[in-house]
Number of protein chains: 2
Amino acid sequence: MKSRRDRLREATVQEITGTARRILVAEGPEAVTLRAIAREMGMTAPALYRYFGSHGELLRHVVGAIFTELTAALHDALQAVPNGDMSGKFLAVSRRFRHWALAHPREYALLFGAPVRGRGHDEDWAEECAREFGWTFLSLFLELWRKKPFPVVPDERIDPVLLEQLRSYREDVLGVDLPLGVIQQFLKCWVRLQGSVSLEVFGHLEFALRDAGPMFELMMREISSELDITYRPPEP
Amino acid sequence: MKSRRDRLREATVQEITGTARRILVAEGPEAVTLRAIAREMGMTAPALYRYFGSHGELLRHVVGAIFTELTAALHDALQAVPNGDMSGKFLAVSRRFRHWALAHPREYALLFGAPVRGRGHDEDWAEECAREFGWTFLSLFLELWRKKPFPVVPDERIDPVLLEQLRSYREDVLGVDLPLGVIQQFLKCWVRLQGSVSLEVFGHLEFALRDAGPMFELMMREISSELDITYRPPEP
DNA sequence: CACGGCGGTGAAAGCCGTTAACTGCGAACG
DNA sequence: CGTTCGCAGTTAACGGCTTTCACCGCCGTG
């Protein structure tokens, strides 16, 4: 049972992360200071210490919130595709990820740039949100393979050093029963996907491309053929 | 003709960027403050304004210096391979890039993370260094294609939006005469290369892999086959 | 030799995070 | 109902940060 106090507190926490994020979007990451947040809320900076142990802890909380929003966006894209259509779901989630990143570059930079080190007494709430985010893509990938298996390299043809890591990831983290080649393929795809999105968002393709969309679609075509997915161009 | 004053000034500039970088490596990017640099040099912070217009300008100068060092590292790797061996050169440069990034994660983050916006009266010295860095890889790629052409998609089968951008990049920036498919292939490879290195350096593969080396080599194998290169595993 | 400009200083303004002491006010308990 | 306790918030202050300003000594040039 939540007391009135608890509800108020929770609301304040939400207001804090909300204003922090508004400042992030409007004025960039270096403008997200305790004083600025407090100012915008009609408070003073030390009051924020009633809610977060430090500036970094607050930031990590914001990171967590953004992660869950991103996850929600992916799920939204997922559900907009009819349930049998695995190819459609895969393409939709991938495109939604890129689209979200381009629409929220500063949030993306916060989530996927050089990480904010150190953790508070939340231990790892942000980490938990990040894991959940990763899981939405991974679970889709695994479902895709189960429903419509694509060819996968047998264990004997995987680099032994890599094999061992894949195995421990499967056992210790996933706890599912799958060929390790599937996990290898997942990582390959994920690296290409997030890699290309990161480069684009951070502006590292602008030296040649004003609009990297076609390059992204080209990659999606290649990935689709690797996964035995029927590629369809985006709608709009 | 450089006067004595000019030589002294240049030496001081170098000392500044040197100590800035030492602090960056030892204590992280947020520790690279004007005061810290000045302290380490036995000066006071305002003195640095004789050399750089602002903290950001100094940082961008450091970025430029690091870019040229990275470029030098790539050239070093290049020349260690006998001159005819294009496959060897391509593999060597790619691996050296990853190796340098892993050996200098903080510098890498400064160069390839979310960019430091705003420019000083240098206009774009750092940009110039970045271009030169990009050019070392691009020129190698083009030489590779000229000496041993790999199959390339004809213009008609390139996305028209992409085609236009590739064309203007070729005309306005490169000024060379090549099929646009070559440039498309270059961008595809570069995105995979830098994308995977960025993810690894920023720790975004640690959720599954402790050592991403084998994944990188797997990618190099795939790229090699796309470029008709004879893959050879790394030496050590 | 005089002097002007360059490299340096200290002080100060205005940010920042963080801590500490203090103050009401609402809720809980006797 | 009255007391008390804890929580949200304040002000003041410390130290560090960038940046500007006024000042000063010295070196090289004319």
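Chain letters run A, B, ... following the sequence lines, proteins first, then strands; residues in each count from 1. Computed from a predicted model, the values in this text were never measured in an experiment.
One atom, CD of E30(A), and another, P of dC17(D), lie 18 Å apart when rounded to the nearest Å. Atom CZ of R7(A) is separated from atom P of dA8(D) by 14 Å (rounded to the nearest Å). Rounded to an integer number of Å, the gap from CZ of R35(A) to P of dT11(D) is 12 Å. R50(B) places its CZ atom 16 Å from the P atom of dC26(D), with the value rounded to the nearest Å. For the pair E10(A) CD and dC7(D) P, the computed distance is 16 Å after rounding to whole Å. Per the geometry, CD1 belonging to I37(B) stands 15 Å off C1' belonging to dT19(D), to the nearest Å. The CD1-P distance, from I16(A) to dA8(D), rounds to 10 Å in whole Å. Look at CZ on R39(B): it is 11 Å from C1' on dG15(D), rounded to the nearest Å.
For DNA chain C, the span of nucleotides reached by chain B at under 4.0 Å from its heavy atoms goes, 5' to 3', from dC6(C) to dA11(C).
The aromatic rings of W190(B) and F137(B) lie tilted to each other, with the angle between the two planes from 30° to 60°. Note: F97(B) and F112(B) have perpendicular aromatic rings, judged against thresholds of 30 and 60 degrees for the angle between ring planes.
With sequence neighbours excluded, the residues satisfying side chain to side chain contact (heavy atoms under 4.5 Å, CB included) with P105(B) are V201(B).
Atom CD of Q14(A) sits about 13.5 Å away from atom CZ of R9(A), to the nearest 0.5 Å. Going from atom OG of S139(A) over to atom CG of L78(A) covers 7.5 Å, rounded to the nearest 0.5 Å.
Distances shorter than 4.0 Å separate some side-chain N or O of T44(A) from OP1 or OP2 on dT10(D). Considering only side-chain N and O atoms, Y51(A) lies nowhere under 4.0 angstrom from the phosphate OP1 or OP2 of dC7(D).
R98(B) has no carboxylate O lying under 4.0 Å from a charged side-chain N of E217(B), or vice versa, which leaves the two without a salt bridge.
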